[in-house]
There are 2 protein chains.
Amino acid sequence: MNAAHHHDAPKLSRNQSEILSCLRNSGEPLSAYAILDRVRKSGISHPPTVYRALNDLMKKGMVHRLESRSAFVACGHGACDGKFAFAICRACDKVVEILLADKDQALLLGLAPDEISPEQVTVEIAGLCNDCHPSRLA
Amino acid sequence: MNAAHHHDAPKLSRNQSEILSCLRNSGEPLSAYAILDRVRKSGISHPPTVYRALNDLMKKGMVHRLESRSAFVACGHGACDGKFAFAICRACDKVVEILLADKDQALLLGLAPDEISPEQVTVEIAGLCNDCHPSRLA
DNA sequence: ATGACCGATGATATAACATAACATCAGTAT
DNA sequence: ATACTGATGTTATGTTATATCATCGGTCAT
Ligand SMILES: [Zn+2]
Ligand SMILES: [Zn+2]
Ligand SMILES: [Zn+2]
Ligand SMILES: [Zn+2]
């Protein structure tokens, strides 16, 4: 039932495992310092330790960074390779990771002008989730 | 010769004008603190002053924020309304603002899942510009 | 005019996010 | 045992952003 059972889990260091678990358990985007608060009990106590693990996990595609929030989130699919977008509720910060179809990815890269050859695309869609929608109020 | 002659220029406060000019003259994305350094001679001397003006200018669509760089850039088209993307050279930080066709904008908003009604989309494409491309080296 | 009001700007202080640089440790090759 | 190497711990600092309160300048009722 837990992530260690997945065949696609590369070997992670203790720090990386702790921080990935933290993000998976939280279910919401967390800042590096919010992560730090939650893993102090596990013996992680300095910002660079958190940022190092986050950078490693991002390289593996298991954690993504929400640029518009300076926050980090576990990949919604275990791991993925840059072909994703995020939808984010601006009221409650709920995040949904969207896998991009190849054609959408291609379309996005195709937006780049001639003078810049595209490598990677960041897409973050802000809006309101159903729970936060005004029509749903009281 | 100055911005006040443009018909599309809404009335800006002195601070807003200074900071917009600074960004337009720089031609590259600047952090809020880089802006602050450049407008000290004009009497602007505290971060909140810069951030206030930037937020006002962003509301007017005349300045955009590069989320992936925590930097600000003057709108490449005078002003625009959320229908844009950025292409950014990861080596030299050159930025090109791309106007999105309505259909592209619609496609992007359409990526949002049912549980989040989309309002605004951020697209930042990272790559290498011609000047920084390896094939062009030496 | 006077003073109440109000929105814009100035200024101080601090919060939040991120990394540079160096120390220490554990594993392994010799 | 010793030297090397890569990962982790630790200190210090740099960078980005905002909360809060003070002050100023114009509007308007008296
Ligand atoms: Zn993912
Ligand atoms: Zn919500
Ligand atoms: Zn624009
Ligand atoms: Zn370049």
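Chain identifiers are assigned alphabetically (A, B, ...) following the order of the sequence lines, protein sequences preceding nucleic acid strands; residue numbering begins at 1 within each chain. What you are looking at is a predicted structure, and each value in this text was computed from that prediction instead of being measured.
Between B:Leu54 atom CG and D:dA17 atom C1' the separation is 11 Å, expressed in whole Å. If you measure from atom CG of A:Leu36 to atom P of C:dA15, you get 16 Å, rounded to the nearest angstrom. Spacing between atom CG of A:Asn55 and atom C1' of D:dA7 amounts to 14 Å, rounded to whole angstrom units. For the pair B:Glu67 CD and D:dT16 P, the computed distance is 14 Å after rounding to whole Å. Distance A:Arg69 CZ to C:dA18 P: 14 Å, rounded to the nearest Å. In this structure, A:Asp37 places its CG atom 10 Å from P of C:dC17, rounding to the nearest Å. One can place CG of A:Leu12 at 14 Å from C1' of D:dA7, the figure rounded to the nearest angstrom. For A:Ile35 and C:dC17, the CD1 to P distance is 11 Å, given to the nearest whole Å.
Candidate nucleotides C:dT19, C:dT12, D:dA17 were compared by shortest atom distance to the side chain of B:Arg65, and D:dA17 ranks first. Considering only side-chain atoms of A:Tyr51, the nucleotide from C:dA11, C:dA18, D:dA17 that sits closest is C:dA18. Listed candidates were D:dA17, C:dA11, C:dA20. Nearest to the side chain of B:Pro48 is C:dA11.
Atom CG of A:Leu100 and atom CG of A:Leu109 lie 9.5 Å apart (nearest 0.5 Å). Atom CE of B:Met62 is separated from atom CG of B:Leu20 by 5.0 Å, given to the nearest 0.5 angstrom. In this structure, CZ on A:Phe84 lies 4.0 Å from NE2 on A:His64, to the nearest 0.5 angstrom. From A:Ser21, atom OG reaches atom CD of A:Gln16 across 11.5 Å, with rounding to the nearest 0.5 Å.
Applying the 6.0 Å contact sphere to CG of B:Asp114 captures no more than 12 heavy atoms from other residues, nucleotides or ligands.
Side-chain nitrogen and oxygen atoms of A:His46 include none within less than 4.0 Å of the OP1 or OP2 phosphate oxygen of D:dG9. Between D:dT16 and B:Ser70, no contact under 4.0 Å exists linking OP1 or OP2 to a side-chain N or O.
Sorted by first then second residue, the side chain to side chain donor-acceptor pair (under 3.5 Å) pairs that include residues 32-49 of chain A, not counting sequence neighbours, are A:Glu18-A:Ser42.
Neither side chain, B:Ser68 nor A:Glu67, offers a donor N or O lying under 3.5 Å from an acceptor on the other.
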Give me, pair by pair, the N or O atoms of the protein and of nucleotides 5-9 of chain C that are less than 3.5 Å apart, along with how far apart they are.
residue, atom, partner, partner atom, Å
C:dT9, OP1, B:Ser13, OG, 3.3

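For B:Tyr33 against D:dA17, a side-chain N or O and a base N or O form a donor-acceptor pair under 3.5 Å.
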